[in-house]
Undergrad: 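Below is a structure I'd like to ask you about.
Every chain is numbered from 1, with letters handed out A, B, ... down the list of sequences.
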Amino acid sequence: MQNNNNNSPIIKDKEGKNIEVPVEGSIGLLALGYKGLMAWRMKRKEVGDSLNQKENEQKK
Amino acid sequence: MSKKNKKVLLIGWDAADWQVIHPLMDAGKMPAMEKLVNSGVMGNISTLEPVLSPMLWSSITTGKYAFKHGVHGFTEPDPNSESIRPVSSLSRKAKGIWNILNQNGYKSNVISWWPSHPAEPINGVMVSNFYQRANKSIDKAWEMAKGTVHPESLAETIAALRVHPQELTEAHVKPFIPRLAEINQEEDKRVEMFCKILADTASVHSAGTWCIENTEWDFSAIYFDGIDHFSHGFMKYHPPQLPGLPDTHFQLYKDIINGAYIFHDMILERYLQLIDEDTYIILVSDHGFHSDHLRLTSLPHEPAAPAFEHRRYGIFCMSGPGIKKDETLTGVSLLDIAPTVLHLFGLPIGEDMDGKVLVNAFEEPQKIKLIDSWENVAGNSGMHPKEMAESSTDAKNAIDQLVELGYIDRPDENAEKARNNAYQENRYNLAQAYIGANKHQEAIDVLLELHQKSPDSSRFTLKLSDCYAELNMNKEAREMIQVSKENITKEREAVKNAKNKKRKVNPENIPTDFKILDLKEAKILIDENKPKEALEILTKLDVSVSKAPNLHLHIGRCYILLKKWKKAEEHFKTSLNIDPHKATALHGLGTALLRQNKYEEAIENFLLAIEHIYNFPFAHYHLGEALFYIKEYEAAANAFEVCLSQNPAIGKARNWLIEIYSNHIQKPENSAMIEKVEIENSIEEKIEEQKEAIKRKALGTITVVSGLPRSGTSMMMQMLEQGGMEIFTDKKREADESNPKGYYEHEAVKGTMKNNKWVNEVGDKAVKVISQLLTSLPARYNYKIIFMERELNEVIDSQHKMLTRDGKIKEGEYRTGLEIAFKNNLEKINFWATKNHHVEILKIPYTAVIENPKTQAEKINEFLGSKLDTNKMAAVVDAKLYRSKV
């Protein structure tokens, strides 16, 4: 796993393809350092936001 | 801007051990490690005493022993309060690598080094060792201690990169604990402990990668304590299953250690991706960790007991431009890291540093620059001002963490007692650091202070006995063994009767057992050259095999002294079966094989011993001997050179060198010594100068008066005394009719065959040694010997009269064979003097002194350097005492 762009939380494989970040995280993401951590947290936030949105919509 | 393109990344893995890494690498499960090993040098790294991490990592960054850098334990009395505090960046009195680099305009990142709180104001970023540990639940604010990050402006950014243990999910834990679902985490707190360590490791890595990717730097040092903490918590579950360990526990937690190493390999892979090919990378651990049958099933009843699980050898790898590829390095010490890093930056090494530059790692070694000391160099080093204090609240949190990890007991609620305990532990650690550096007298001074305060503690008396034995103070050593015996008895009773047992303690392990005392007594006997007595003790010992590699080591040493080589070989092999990494047993086995003329096998074992402990002069010495016998003269000369550089007192190595350079290597320009001689000289002159240069490596020159008893040696001693020389005598043997002016002897000299350490005390004095003892003088000194010659019949007659006067034989009763024995002895001395280059001999006929004392005095004076009053010397001679003339 690698990440060539300093500011992007997008994680890419050796061939440069984007890797889907699992919401539950992974050891691989932790081993990637702060970028893996940021990507994971961002994914959680996205999922959390969308869950919240769904919940809010259901409440409505 | 960083100063130059050259960069060094130093990664610390506390407690990482090749014993775990090698099988994983072989299985392809640590590819990054394999890449690093293949692209550079690797080897064992010897740790220091005591094996306590904050002391060791401070030695790594300073290149100095603990008694120089000032970090002496986990905690210390807090000078700003009445309590204690964890050791900190303020405890370290010597400059670390980053401080020296700071003074030379380089930028550094330092992440979580132990100890590094409060973060030092260096040119770069420092994240202290207080950074990673979460001490509150995830729903509460996770504050970061003030002073954790330098510069302060980065504190918020870097704080956000911490991973909280409760943030981790099943996806993080299952690779390490596949049967996680079967664990009741309400009752079994091991998963919680695991998550804390994993989160800590991820936090450090997160900060490390952020600094590497977002700052300009020349040097980065990132310290991970994960492997150490995983090992203390879970090594007992690592395969193979330990006897007595419940199978369910083994099955649940057996994958954690391998998983931890694999995770660290993934972390390493990330750093390899982030650095370019011009960056040097050094990966190092401070010690290893027992992962085999030497794992402890219960800890001794001592503070810092988890340190007993540490193995003496850690890991070392280095790669980068100009570093050899895929080679093994021997003799690496923790102390070598700082000098080597400074050398990589082209900076001089402090002569007060205890380590060396690892020159063998370089394809083309560069000249090493030296400086007296970096400590005296002015300029901003980024160290804290001395008056700086540390917040006591932060200190308390850190102490809680140390308690949790088992490194220290919960500090006593009584602040004064807690301070005293911390002081005592640090003094004890300091004494151990002295012992590790062979400074036994300094250790004794500290241990005696501790012993006075706590006379019932066996820890102190046991160490005192070791130190005394090392200094050949065997009487004191034995006294301390006796006191230890009494202390151990008291301590066992105290533990048995203790009402509040904090830790489950097996009384058999408190704090050691009497068998250890017998081993100590046997070791003293071996040092006294009494192998039979030592064997009597050792063969009676019934020590369980797993605990006593030293038992067989000592038995092997006894058989070496008894010249029973095969038996010695067997016992050294047994010792190595118990602990294959015991350098002393490898050396012993090599010696036993050498004496059986099995040179190749002997060499193999000596090299292994040296690989484990490079600073092992006798292993180099015997390696040299074995190489000599297989006619590898240059390699043999190298081995003897190393031996002498490590211990100039091993004078026999000088004789070997002279033998090799005189008779086997007619190319002195190939030897290390040639740097000191002129190139224009002829080969013969060069060899002569080499001999002189090698002689200069002796500890000093000792003046000896010798000869057969009753050959005029006392008269010669008297002449030297009157001429102005001091005499080495204890005056115990008083003047009598046989020697009316005194004997000028020292009792210790009589025991030279068994113990020649008295020689170290002689200094510039003249000492009387009868001819039969001359060959037992240690070759670590040069000797100028005034050898008295007298007609053998006169000698025998004079001895006879003396013995008759003393009533030891009857008048008219003569002992037979004396003349032949004396002749043989004189021939032996002549041969010895010509073969040994550290000996110069001046033969003085007794009758010539009687007949012409002034001429002989002048001859003697010239021999000894022309500092004596020859008139006074001559005036001593009393021809009336020439009574046995024949």
Undergrad: Indicate yes or no: does A:Glu24 engage B:Lys174 in a salt bridge with an N to O separation below 4.0 Å.
TA: no
Undergrad: Please give me the minimum heavy-atom distance between B:Ala171 and A:Gly25, naming the atom from each residue.
TA: CB-O, 3.3 Å
Undergrad: Flag the one option from B:His172, B:His205, B:Glu170 with the top tally of heavy-atom pairs under 4.5 Å to chain A.
TA: B:His172
Undergrad: Which residue is it: B:Ile158, B:Thr209, B:Thr157, B:Val163? I am looking for the one with a side-chain contact (heavy atoms from CB on, under 4.5 Å) to A:Tyr34.
TA: B:Thr209
Undergrad: If you count heavy-atom pairs within less than 4.5 Å of chain A, which of B:Ala160, B:Ser206, B:Ala207 leads?
TA: B:Ser206
Undergrad: I'd like to verify something: which residue of B:Tyr271, B:Trp210, B:Phe176 has the highest number of heavy-atom pairs under 4.5 Å with chain A?
TA: B:Trp210
Undergrad: How close do B:Met266 and A:Ala31 get, counting heavy atoms only, and between which atoms?
TA: CB-CB, 3.5 Å
Undergrad: Between A:Ile27 and chain B, which part of the residue has a heavy atom less than 4.5 Å away: side chain, backbone, both or neither?
TA: both
Undergrad: How about B:Glu152: does its CD atom have over 12 heavy atoms from other parts shown lying under 6.0 Å from it?
TA: no
Undergrad: Tell me, for B:Leu268 versus chain A, whether the close heavy atoms (under 4.5 Å) come from the side chain, the backbone, both or neither.
TA: neither
Undergrad: How far does CG of B:Leu274 sit from NZ of A:Lys35, to the nearest 0.5 angstrom?
TA: 8.0 Å
Undergrad: Contact part of B:Glu167 toward chain A, heavy-atom cut-off under 4.5 Å: side chain, backbone, both or neither?
TA: both
Undergrad: Looking only at heavy atoms, which two atoms of A:Arg41 and B:Arg162 are closest? And how far apart?
TA: NH2-O, 2.5 Å
